[in-house]
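Values reported hereafter were calculated over all heavy atoms of this structure, with side chains retained and with hydrogens, waters and symmetry mates removed. Predicted model, so just to flag it, every value in this text is computed and none were measured. Counting starts at 1 for both ligands and their atoms, following the listed order.
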Amino acid sequence: METELANVKNILALYHQEHLLNFYNELTDDEKNILLNQIKHINFDLIFDLYNKSKIPSEVDYSNISPLPHIEKNNLSEKEIDFYCNIGKEALENNELAIVTMAGGQGTRLGYKGPKGTYELKFAFFKKSLFEIICDDLKKTNEKYNITLPWYIMTSVENDLATREYFKSHKYFGYDKNSITFFKQEQLPLINIEGDLILQEPYLVKNASCGNGNVFKSLKYNNLLDDMKTKNIKWVSFGGIDNILLKNADPLFLGMMIHGKYEVASKSIFKEQPMEKTAVYCKKNNRNSILDYDDITLELSESKDENGSYLYREANMLSHIMSFDAVCKCCTIDLPFHRAFKKNAFVNEEGMKQVPDGPNTFKFENFIFDAFSYFDNMLLLRVNSNEEFAPIKSFTGIYNPDTAMDKYEKLFGILRHDL
Ligand code: UTP
């Protein structure tokens with residue numbers, strides 16, 4: 001262990017991270033091994049490169065921004081809806097669709113102890129967790145089409161065990177357990193505002209999952225593309241964990257995509273408030289892209305086409321379908337990293353666990369939508385927010401459990417606990 005320690009000390013000295021061994025002498029042998037092994041495997045070059053680059057503000061070249069055309073569900077006739085739904089239905093009945101739920105996020109804004117998917121909503125006569133709500137939606141589709149959708153759930157190192165145990169203890173909510181596959185995504189160390197890595201425990205460096213865009217590589221590393229191939233999957237639906245109105249297997253969306261021969265498709269909702277903190281779809285240098293809310297000017301948000309329709313108001317709601325081939329292609333792409341500022345507990349200089357009042361750490365994340373720029377054509381379908389978008393992000397902001405449950409109650413007539 002002595003040579004090992006000397007090697008690790010050298011690595012840390014190179015990157016000025018010696019503080020990671022502050023409590024080394026107080027650790028048990030097992031803990032010492034864990035820490036040394038962890039540090040040996042950290043890609044310090046990558047993390048500091050990301051950190052240093054992220055400090056340089058990115059300039060948006062507005063002359064290269066143009067709108068990404070969309071289709072509005074409200075403008076489709078009944079005949080068109082029937083037509084597309086029949087195509088989607090056929091693909092569902094032929095077992096061509098797989099579902100991927102991306103549940104590897106930390107959920108720092110909600111601050112709920114445990115995987116975010118296990119957070120329970122209180123209805124008048126029962127409680128349902130976010131996971132169970134998705135499961136119910138999938139079971140309904142299964143019953144309707146007499147199929148069992150293969151369901152892949154992406155977890156993180158942080159929440160994987162708790163997620164698996166939660167499903168097991170709830171008997172997989174009646175879903176065929178052989179059709180559910182949990183897979184862990186990759187992670188990267190967090191950096192504090194002084195530009196240093198932090199400890200989660202005296203013997204553990206704090207890592208966190210590296211964004212929902214890591215889903216492609218994680219599917220690949222976990223051999224799940226082979227699994228999908230064996231199952232003859234042709235389409236993959238990707239969604240988050242926290243939108244309780246998400247339609248995971250929407251025959252209309254799937255049918256439109258198949259009919260239009262699209263490789264990637266996203267749903268959007270109309271952004272009501274011009275300066276609301278929501279990213280919108282656009283084209284950058286003629287490639288499918290997203291305009292981050294920090295880069296959206298009032299002028300851009302208010303701009304309209306000759307028919308009076310807004311050009312940059314299609315907000316991303318994390319609901320996508322991709323062809324299986326497109327998913328395979330994305331596994332070979334190194335998506336860019338974005339910097340997020342999040343609240344994370346850490347071990348302070350006295351060796352005590354400290355929970356900060358607000359965000360204190362930088363997290364580097366890949367975003368799934370960055371993959372879309374690698375495809376020429378893309379379907380963007382605007383759906384009705386009251387029917388398909390009720391995310392739960394925090395207890396205080398606009399996306400809180402109350403607002404989400406109001407929408408749920410209005411749509412399904414299921415009474416909330418407090419009414
Ligand atoms: P959010 O961007 O809302 O992040 O994730 P979050 O981690 O859940 O919550 P905050 O920002 O810390 O409060 C949108 C979706 O992407 C998933 C989340 O689980 C959620 O379903 N996600 C996010 C991942 O699967 N992995 C990640 O690394 C990040």
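The closest protein non-hydrogen atom to atom 16 (O) of ligand 1 is Asn212 ND2, 3.3 Å. With hydrogens left out, the protein atom closest to atom 2 (O) of ligand 1 is Arg109 NH2, 4.0 Å, a heavy atom. Looking at atom 25 (O) of ligand 1, its nearest protein heavy atom turns out to be Gly104 N, 2.8 Å. Looking only at protein heavy atoms, the nearest one to atom 7 (O) of ligand 1 is Gln106 N, 2.9 Å. Looking only at protein heavy atoms, the nearest one to atom 28 (O) of ligand 1 is Gly211 N, 2.7 Å. With hydrogens left out, the protein atom closest to atom 3 (O) of ligand 1 is Lys393 NZ, 2.6 Å, a heavy atom.
Ligand-side atoms of ligand 1 in range of Met154: 25 (O), range being under 4.0 angstrom from any heavy atom. Applying the 4.0 Å criterion to heavy atoms of Lys342 picks out, from ligand 1, the atoms 4 (O), 7 (O), 10 (P), 11 (O), 12 (O). Heavy-atom proximity to Gly240, at under 4.0 Å, picks out these atoms of ligand 1: 21 (O). For ligand 1, the atoms lying closer than 4.0 Å to a non-hydrogen atom of Gln185 are 24 (C), 25 (O), 26 (N), 27 (C), 28 (O). Every atom of ligand 1 with a heavy atom of Met102 under 4.0 Å away is listed here by number and element: 17 (C), 18 (C), 19 (O), 20 (C), 21 (O), 25 (O). In summary, the atoms of ligand 1 found under 4.0 Å from a heavy atom of Glu365, numbered by their order in the structure, are 29 (C). Counting the atoms of ligand 1 from 1 in the order shown, those under 4.0 Å from a heavy atom of Ile241 are 19 (O), 20 (C), 21 (O). Against a heavy-atom cut-off of under 4.0 Å, Leu318 is close to the following atoms of ligand 1: 14 (C), 15 (C), 16 (O).
With a 4.0 Å cut-off on non-hydrogen atoms, Glu158 does not touch ligand 1 at all. Heavy atoms of Ala103 found under 4.0 angstrom from ligand 1 belong exclusively to the backbone.
Residue pairs meeting the ring-ring contact (aromatic ring centres under 6.0 Å, His included) criterion with at least one member in residues 218-252, sequence neighbours excluded: Phe216-Phe238.
For the 3.5 Å distance criterion, the side chains of Asp61 and Ser63 qualify, holding a donor opposite an acceptor.
No side-chain donor-acceptor contact under 3.5 Å links Thr118 to the backbone of Gly114. Between the side chain of Asn243 and the backbone N or O of Ile392 there is no donor-acceptor pair closer than 3.5 Å. Side chain of Asn285 to main chain of Arg287: no donor-acceptor pair is present (N/O by atom type, distance under 3.5 Å, no hydrogens or angles). In this structure, Arg416 contributes its side chain and Phe123 its backbone to no donor-acceptor pair below 3.5 Å.
Relative ring orientation between Phe167 and Phe182 is described as perpendicular, the plane-to-plane angle rising above 60° on a 0-90° scale split at 30° and 60°.
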- [ ] Using the ring-ring contact (aromatic ring centres under 6.0 Å, His included) rule, take Phe364 and His338 through it: C-alpha gap first, then chi angles, then the decisive distance, then the call.
- [x] CA-CA 6 Å; Phe364 296 94; His338 300 256; over 10 Å; no

- [ ] Could you check Phe367 against Phe369 for ring-ring contact (aromatic ring centres under 6.0 Å, His included), going step by step and ending with a plain yes or no?
- [x] CA-CA 6 Å; Phe367 292 158; Phe369 55 68; 5.3 Å; yes

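Across the listed options Gly111, Pro391, Gly105, Gly105 owns the non-hydrogen atom lying nearest to atom 23 (C) of ligand 1. Among Pro115, Gly117, Gly107, the residue whose heavy atom lies nearest to atom 9 (O) of ligand 1 is Gly107.
Applying the side-chain contact (heavy atoms from CB on, under 4.5 Å) test to Phe395 and every residue at least two apart in sequence or in another chain returns Leu110, Tyr119, Pro401.
Under the side chain to side chain donor-acceptor pair (under 3.5 Å) test applied with Tyr281, the options Ser289, Ser266, Ser268 reduce to a single match, Ser266.
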